[in-house]
Amino acid sequence: MTVTRFAPSPTGRLHLGHVLAAKVAHDLAREANGTFLLRHEDIDGPRVREEFYQGIEEDLEWLCLKWDGEPLRQTHRITAYEAALESLRARNLVYPCFCTRREIQDEWARMGAAPQGPEAPVYPGTCQKLTPTQQREKIHSGIPYAWRLDSGKTVDLTGPLTFHDLRLGKIPVSPELLGDVVLARKDIGTAYHLAVVVDDAFQEITHVTRGEDLLSSTHVHRLLQVLLGLPEPIYLHHRLMLDENGKRLAKRNDSLSIATLRESGMSPTEVLSLIES
Ligand code: GLU
């Protein structure tokens, strides 16, 4: 049984980049007589708006990319993420991080050359060095904190890992790629990497399809799956839709939102033809 999902964040209307992601997941499931699920990744705080859940569903229906069953909302799943975090915390695989964005930037500046990740510099590890007493003192003094994965501790536990991508083949996991990522944000108590892994398992996703811009995240996800005892899905990282300057399409490319294309008189077939190349 093939189960795929489309997992947009309801922080804006869908654009062509999303349509490609939705179509890849939809087609993979439909070709295998499988199940195509919709998950609203709505843990992005104030950027999430009620009208966008509906807008996403309307756009998908208009494009005939209909999902099966009820869409899942991550904000309804906070208890499951807390349990996953607790299981990592019980094994000392996460640590509280009290740094502000500003402090992290200052630390990078002090280091001279910030440790580079695939997209941005990785966390410099400041709070990883705190003693348990220092951690307790900071927590008691009321400083807000996030939880970060202690990636250096995981290698001995898991040994070398790989994941399988239908397009790219077998890829060895490099846990150091994204460094000590945040697994629970200060505001909401969870974060993308943890929530996505917990939900892919919960929804029994067999094939995780997503844009190749998220390839480095998959390294962390595979690691988390092993640490949390979750099943390993097959991956498909697809190409991205680019704008006229060769840049990845983003929500700010408003003219290419599906709603706008639809209002301009295009048919679903015409819109879908824009993502073929
Ligand atoms: N929610 C993510 C996004 O909108 C995608 C999640 C995933 O495929 O892992 O980019």
Side-chain angles (χ1 to χ4, degrees), residues 2-29 35-45 47-49 52-53 55-57 59-60 65 67 71-77 80-81 84 118-120 163-168 171 173 177-178 181-183 185 188 190-225 228 230-242 247-253 256-258 275:
T2 297
V3 185
T4 66
R5 86 306 196 269
F6 175 51
S9 299
T11 54
R13 290 301 292 258
L14 296 187
H15 57 65
L16 285 176
H18 292 115
V19 176
L20 177 61
K23 187 154 170 37
V24 169
H26 171 272
D27 291 359
L28 194 68
T35 304
F36 169 57
L37 301 176
L38 174 61
R39 177 161 79 228
H40 291 293
E41 301 209 327
D42 56 351
I43 51 173
D44 262 351
R47 298 197 302 136
V48 171
R49 295 222 304 262
F52 294 137
Y53 297 91
I56 288 171
E57 294 178 16
D59 290 343
L60 289 175
L65 298 174
W67 62 94
L72 188 75
R73 290 189 179 200
Q74 288 195 319
T75 44
H76 294 170
R77 300 259 311 134
Y81 311 143
E119 280 155 30
F163 58 89
H164 187 77
D165 183 284
L166 291 178
R167 186 172 145 235
L168 307 169
I171 301 185
V173 170
L177 212 55
L178 293 187
V181 291
V182 169
L183 296 186
R185 295 198 323 246
I188 191 161
T190 189
Y192 164 66
H193 296 300
L194 186 64
V196 78
V197 159
V198 170
D199 283 344
D200 283 337
F202 175 68
Q203 293 189 291
E204 300 182 8
I205 305 298
T206 59
H207 293 72
V208 172
T209 64
R210 55 162 72 118
E212 60 192 7
D213 54 328
L214 288 171
L215 186 59
S216 49
S217 295
T218 301
H219 290 254
V220 180
H221 300 176
R222 184 68 203 111
L223 180 62
L224 288 173
Q225 283 154 4
L228 294 168
L230 303 174
E232 175 182 0
I234 295 168
Y235 287 90
L236 172 60
H237 293 88
H238 58 77
R239 67 182 170 84
L240 299 176
M241 290 290 299
L242 304 176
K247 289 234 169 67
R248 181 164 69 91
L249 278 188
K251 288 196 176 112
R252 59 186 170 278
N253 300 81
L256 293 169
S257 84
I258 304 316
I275 60 168

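Numbering of ligands and ligand atoms starts at 1, following listing order.
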Heavy-atom side-chain proximity of R210 to V24 below 4.5 angstrom: no
Validation row: E232, H221 side chains within 4.5 angstrom (heavy atoms):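 No, their side chains stay 4.5 Å or more apart.
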Using the ring of each side chain (for Trp, its six-membered ring), is H237 parallel, tilted or perpendicular to F163, with breaks at 30° and 60°? tilted
Enumerate the atoms of ligand 1 whose separation from the nearest heavy atom of A7 is less than 4.0 angstrom. 1 (N), 2 (C), 3 (C), 4 (O), 5 (C), 6 (C)
List ligand 1 atoms under 4.0 Å from Y192, heavy atoms only on the residue side. 6 (C), 7 (C), 9 (O)
Return yes or no for this condition: an N or O of [X] is under 3.5 Å from an N or O of ligand 1.
X    : value
R210 : yes
H221 : no
V196 : no

State whether a side-chain donor-acceptor pair under 3.5 Å links Y192 with D44. no
Tell me whether ligand 1 is touched by R5 - counting only heavy atoms on the residue side and a distance under 4.0 Å. yes
Closest heavy-atom pair, S216 versus L178, reported as atoms and distance to 0.1 Å, is O-CD1, 3.8 Å
Closest heavy-atom contact between L228 and A84?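 Taking every non-hydrogen atom into account, CD2-O, 3.6 Å.
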Heavy atom to atom 6 (C) of ligand 1, shortest distance: which of H193, E41, R39 holds it?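 The residue whose heavy atom sits nearest atom 6 (C) of ligand 1 is E41.
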